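To keep things clear, I will list the structure first and then write my remarks on it.
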2 protein chains.
Amino acid sequence: MSMNLPPLVQSFVLHFGEMGSRWGINRTVGQIYALLYVSPEPLCADEIVAALGISRSNVSMGLRELQAWSLVLLKHLPGDRRDFFTTPDDIWVILRTLAEERKKREVDPTLSVLREILIEQPASDIERHAQQRMAEMHSMIERLTNWYDDVKQLDQERLASLLTLGSRVTKLLETTDRIVSLGRKRRPATRD
Amino acid sequence: MSMNLPPLVQSFVLHFGEMGSRWGINRTVGQIYALLYVSPEPLCADEIVAALGISRSNVSMGLRELQAWSLVLLKHLPGDRRDFFTTPDDIWVILRTLAEERKKREVDPTLSVLREILIEQPASDIERHAQQRMAEMHSMIERLTNWYDDVKQLDQERLASLLTLGSRVTKLLETTDRIVSLGRKRRPATRD
DNA sequence: CGGTGATTTCAGAAATTTCTGAAATTACCA
DNA sequence: TGGTAATTTCAGAAATTTCTGAAATCACCG
């Protein structure tokens, strides 16, 4: 059984399928997501089966995976017993979810493993050096995640302007730089 | 054959191995990278074989993959015919490389597929709606990559201060906001 | 209740990815 | 040029992941 979709939609769905593997989700999950993303209306499982030409159980598992990622929403039509699925409308919401989930799966575990190893007592020069390197990695990741935690608090408007600012960030920093580094030199990181 | 490593190093290597799959590289590639990252000296292929207990050919393929990612450096010791491998010392260099390579593999292809689809003529309402959604996605990704392109130009010092600024970005933006949005309201996005 | 349709589960089949050992290639040296 | 050590290639084995169909479960309705 093969796909049954308008050409433009099909290209998009196929691409997301191929990309899926690079993104740590599998082909079908990628395709299901892509399909829901571009559909004007929520779809039920059987419609996905028909559109993508894959087994019903595969769709069920795919949707379950997407729900674990909080990337799809469950909708109910009145008087219809079936489950319907969509993606959030707001693409910024999608972006945030994606960032949050990837952080949870890809960086948090590493951070906690690093912390565990770093409290151990090194038993040799090799281990001492290894710990030193891990400490560097740990501190970088921590800086990045702290920054991310701050940025994700921003509302959409402000986030958008942070992005739009873009190339001008540099110039802004040049100004800020002096102020900040001045403050830093006096007393270490006084916050308020 | 099993691993032969100091306990702290082994924990780190095993974790990177497990994580590997979530990062789109495989277990051995993750392990090889982790091992090189914490080693005080460059290692040759046979040392990696001994340390990780995997086949010589597997190490060869792993190293080749890591080179494709520009994540390892090839070194030659004088009077020794073997190849030795390390990771870059500077963790910020590593971060930049990682970001660059992931962008190249994970976002650039999507961006170009989206562009291709967006120039097509929609043949139905379904396709029209799909294009609309893809345009939203395209514009968001483009904003993000533009921002990324700007930020990656920053030298380490400035990048560090951008990060350290962290929570204060918000406050800085509040000030900038008015200026920017003021400019926006008068005439649409006049830049200079 | 008992029936009906939607959904999930799960064991095994199919597909894909990873890993290995043996053979081929490369690079250097005498 | 021939010899030797290092490295790469690659076909198939092993492991892992994905997918399916059949059966089980769930949820609602009369």
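Chain letters run A, B, ... following the sequence lines, proteins first and then strands; every chain starts at 1. Excluded from the calculations below are hydrogen atoms, water molecules and symmetry mates; all remaining heavy atoms, backbone and side chain alike, are included. From a predicted model like this one, the values you see are computed outputs, not experimental measurements.
B/Asp150 has its side chain out of reach of B/Asn146: every pair of non-hydrogen atoms, C-beta onward, lies at least 4.5 Å apart. The shortest side-chain heavy-atom distance between B/Asp89 and B/Ile94 does not fall under the 4.5 Å cut-off.
Both tests pass for B/Arg105 against the ring of B/Trp69: distance under 6.0 Å to the centre and angle within 45° of the axis.
Atom CG of B/Leu63 is separated from atom P of C/dC19 by 13 Å (rounded to the nearest Å). A straight line from CG of A/Asp80 to P of C/dT4 spans 19 Å, rounded to a whole angstrom. In this structure, A/Arg64 atom CZ and C/dA6 atom C1' are separated by 15 Å, rounded to whole Å. Following rounding to the nearest Å, A/Trp23 (CH2) and D/dT18 (C1') show an atom-to-atom distance of 21 Å. Rounded to whole Å, atom P of D/dA5 lies 19 Å from atom CG of B/Leu77. Atom CD1 in B/Ile48 sits roughly 14 Å away from atom P in D/dA6 (whole-Å rounding). Spacing between atom CG of B/Leu52 and atom P of C/dC19 amounts to 11 Å, rounded to whole angstrom units. For the pair A/His76 NE2 and C/dG5 C1', the computed distance is 13 Å after rounding to whole Å.
Using a 4.0 Å heavy-atom distance criterion, B/Thr28 is classed as a sugar-phosphate-only contact. Nucleic acid contact for B/Arg56: base, since at least one base atom lies under 4.0 Å from a heavy atom of the residue. Backbone-only engagement by B/Asp83 is indicated by non-hydrogen atom pairs under 4.0 Å involving sugar-phosphate atoms exclusively.
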Polar atom pairs between nucleotides 10-16 of chain C and protein, under 3.5 Å, N or O only, would you list them?
none

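Salt bridge annotation for A/Glu100-A/Lys103: absent, with no cationic side-chain nitrogen under 4.0 angstrom from a carboxylate oxygen. Using a 4.0 Å cut-off between charged nitrogen and carboxylate oxygen, A/Arg115 and A/Glu142 count as a salt-bridge pair.
Note on B/Ser55: every side-chain N or O is 4.0 Å or more away from OP1 and OP2 of C/dG21. Listed pair B/Asn58 / C/dT18 fails the phosphate criterion, with no side-chain N or O lying under 4.0 Å from OP1 or OP2. Side-chain N/O atoms of B/Arg81 include none lying less than 4.0 angstrom from OP1 or OP2 on C/dT26.
Nearest-nucleotide mapping onto DNA chain C: of A/Ser21 and B/Val59, the residue sitting toward the 5' end is A/Ser21.
More than 12 heavy atoms of other residues, nucleotides or ligands shown are found within 6.0 angstrom of NZ on A/Lys152.
Nearest nucleotide to the A/Arg82 side chain, out of D/dT18, C/dT7, C/dT9: C/dT7.
B/Glu127 and B/Gln131 form no side-chain donor-acceptor contact under 3.5 Å, judged by distance and modelled atom types alone.
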